[in-house]
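Quick note: numbers below take in every heavy atom, side chains included, and nothing from hydrogens, waters or symmetry partners.
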Amino acid sequence: MTANNAAGHTGGGPESSAAIGTLAARVRGVVVVPKDAGYDDERSGFQTAFRARPDVIVGAADAEDVRLAVEFARARGLPVAVQATGHAPASAASGGLLISTRRMAGVRVDPRARTAWAQAGARWERVVAESAPHGLAPLNGSAPHVGVVAYSLGGGLGLMAREFGYAADHVRAIEVVTADATVRRVTAESDADLFWALRGGRDNFGIVTSIEFDLFPVARVYGGSLIFDADHAEAAGAAWLAWTETVPEQVTSSISFIGLPDIEQVPPPLRGRHTAAIKIVYTGEVAAGERLVAPLRAVGPRLVDDLTELAYADSHTIHNDPAHPHAYLGDNVMVRDLDPQAMREVYRIAGPDAPMMVMHEVRHLGGALSRQPAVPNAVGHRDARYIVRVVAMIDGADLDVARALQADVRAVLKPLSVGRNLNFVYGDGVSPTPDQVAAMYDPETRARLAELKAAHDPTDLFIGNHNVAAPTANGASAPR
């Protein structure tokens, strides 16, 4: 470990080296700066297009390491960001401090209480594996390699979301290091306001070191894919949209459109094709599931039809999200309604004629997602019935072209839009703009978040992936 250009913040020269050296001697994990071997590995994550370049990185081994890092940054006025798996890159500004939590990967399951506890670097695949032997399942998303904490604090739109709601709705307790460098256990009883804000406000209020959350008695699901060739893509989209008006809350589904490359890694039926893939998770009986999907199978021949009963431990095979790091740009629009014409317009922009490889997906919302939980939280836009995501693969492609494509999709959906989903705005190398942040919440929620940000982090120590206190373009901001 060596000192570096953090000198501008720590007093310069030998003082900087001494301060960082003292920090390194106190933490159980690692401390690295740009000149050190391992710096690039420490700041890298799943997103390869954009990487933070902080002056100091603390690879924390436990909550005390996080506390020491926050104490160090607070004393020197360094902005603090956090990164676990790096699916959404940390927004550590130049001259800031990045806390990497990937070493903090502990998971415990209490089958009697039907709860789990996970540290800040834990991934869903570990929680699923620990829960499954007890016939229990968490509210994880489609990709098992995503981190538990950021996903849950940003809302968490899971495989069984319509039946059980957002993952944030079922968080019971949060351990967090606040701006005064104190480790706190926050619950609805101990600090109702901060507990409300953390669940939906993500990393604005501190660095979360672990959470406790509910598990559900689900051992098996009926699920899988119906994948159609491009010739049937529009028909599949229209049929799925009509079908979502009829299904019970026990069905959570989506339809995604993507052009797949002609390479060995792609299964032969899909290789080199543009496809429409309907993904389904149903927690009811298999026979009832077969009856439910009959209208979708009637669309036409499928390239893949693997709907079947699955152990929940195998539920990651439903979406088969890529597990290898890559470069991408993602945005989304949450809509109050959707019609076949809007679906066709989005397909025209982001479908086979798109200027780069693009995946666009529509997820069915509603059900439990539309209702506030018994202990309310800051997750926004529960009136949305669908979310439309657009993810452009930008490795070697023009970033401005990807931005323009996403802007065209947003323009098509603007008349139907209620806002954005926090967890699905990622990958531009910068924090979301104030206007993007405003779109993640209704005005009352954002005003309350800004008030709590001012109370808990008045100096904006935690820069996070979005700043709930920043004013919007029209000058509107919550009280500070």
Side-chain angles (χ1 to χ4, degrees), residues 139 141-142 154-169 200 223 226 233-257 276-284 292-293 295-296 299 319 330-347 349-350 359-373 376-391 406 409-425 436 438-445:
L139 297 184
S142 59
L157 187 59
L159 295 174
M160 303 182 289
R162 280 176 36 81
E163 182 171 4
F164 298 116
Y166 287 101
D169 299 345
L226 300 174
E234 289 194 27
W240 174 81
L241 199 60
W243 181 75
T244 61
E245 299 282 353
T246 69
V247 295
E249 292 184 5
Q250 290 74 24
V251 175
T252 301
S253 67
S254 64
I255 184 167
S256 61
F257 305 87
I278 298 173
K279 309 286 187 175
I280 295 167
V281 175
Y282 173 56
T283 58
L292 277 169
V293 302
L296 301 177
V299 168
H319 285 257
D331 204 352
N332 71 91
V333 181
M334 301 182 78
V335 294
R336 68 178 62 87
D337 205 352
L338 200 57
D339 57 65
Q341 177 59 31
M343 290 268 285
R344 283 193 293 271
E345 281 298 298
V346 173
Y347 187 75
I349 297 165
M359 186 281 292
H360 73 279
E361 175 192 62
V362 186
R363 296 192 183 192
H364 185 204
L365 306 179
L369 296 166
S370 66
R371 301 186 288 271
Q372 274 286 355
N377 56 47
V379 176
H381 306 310
R382 290 179 181 267
D383 55 336
R385 295 181 63 195
Y386 302 92
I387 181 171
V388 182
R389 300 175 57 219
V390 181
V391 181
Q406 291 177 343
V409 171
R410 290 195 303 270
V412 165
L413 298 174
K414 186 176 181 179
L416 305 170
S417 174
V418 299
R420 281 181 167 93
N421 177 280
L422 168 59
N423 277 356
F424 292 135
V425 176
Q436 285 177 317
M440 295 171 186
Y441 306 101
D442 63 74
E444 294 78 14
T445 297

Quiz prompt | Residue list, side chain to side chain donor-acceptor pair (under 3.5 Å) with S417, at least two apart or on another chain | solution = none
Quiz item: I280 versus L292: any side-chain heavy-atom pair under 4.5 Å?
Solution: no
Self-check item: Residues in side chain to side chain donor-acceptor pair (under 3.5 Å) contact with D337, at least two apart in sequence or another chain
Solution: R385
Quiz prompt | Heavy-atom pair with the smallest gap, counting every atom of R371 and D169 | solution = O-OD2, 4.4 Å
Quiz item: Counting N and O atoms only, with roles assigned by atom type, does the side chain of R363 sit under 3.5 Å from a partner on the main chain of T252, one being a donor and the other an acceptor?
Solution: no
Quiz item: Is a side-chain donor or acceptor of D331 paired with a backbone partner of Q406 at a separation under 3.5 angstrom?
Solution: no
Self-check item: Approximate separation, where rounding is to 0.5 Å, of M160 CE and T283 OG1
Solution: 7.5 Å
Self-check item: Non-hydrogen side-chain atoms of Y441 and L422 separated by less than 4.5 Å
Solution: yes
Quiz item: So do the side chains of F424 and L157 get within less than 4.5 Å of each other, counting heavy atoms only?
Solution: yes
Quiz item: Rounded to the nearest 0.5 Å, what separation is found between the OH atom of Y386 and the CD1 atom of I255?
Solution: 11.5 Å
Quiz item: Where is the tightest heavy-atom contact between G419 and H381, given as atom of each residue plus distance?
Solution: CA-NE2, 3.6 Å
Exercise. Specify whether H360 and F257 have parallel, tilted or perpendicular ring planes, treating 30° as the upper limit for parallel and 60° as the lower limit for perpendicular.
Key: parallel
Exercise. Can you see which heavy atom on V299 is nearest to which on A239, and at what distance?
Key: CG2-CB, 3.5 Å
Practice problem: Keeping the roles fixed (side chain from W240, backbone from A277), state whether a donor-acceptor pair exists under 3.5 Å. | Solution: no
Quiz item: So among V333, V362, L413, L338, which one has a side chain to side chain contact (heavy atoms under 4.5 Å, CB included) with V346?
Solution: L413
Quiz item: Any side-chain heavy atom of H319 sitting closer than 4.5 Å to one from S254?
Solution: yes
Practice problem: Please report the shortest heavy-atom distance between E249 and A368, naming the atom on each side. | Solution: OE1-N, 4.0 Å
Quiz item: Distance from I387 atom CD1 to N332 atom CG, nearest 0.5 Å?
Solution: 4.0 Å
Quiz item: Between N377 and R382, which heavy-atom pair has the shortest distance, and what is it?
Solution: OD1-NH2, 3.1 Å
Quiz item: Which atom pair, heavy atoms only, marks the closest approach of A236 to A276?
Solution: CB-CB, 4.4 Å
Self-check item: V388 and M343, any side-chain heavy atoms less than 4.5 Å apart
Solution: no
Quiz item: Do the non-hydrogen side-chain atoms of V391 and E361 ever get within less than 4.5 Å of each other?
Solution: no
Quiz item: Side-chain contact, heavy-atom cut-off 4.5 Å: L365 with M334?
Solution: yes
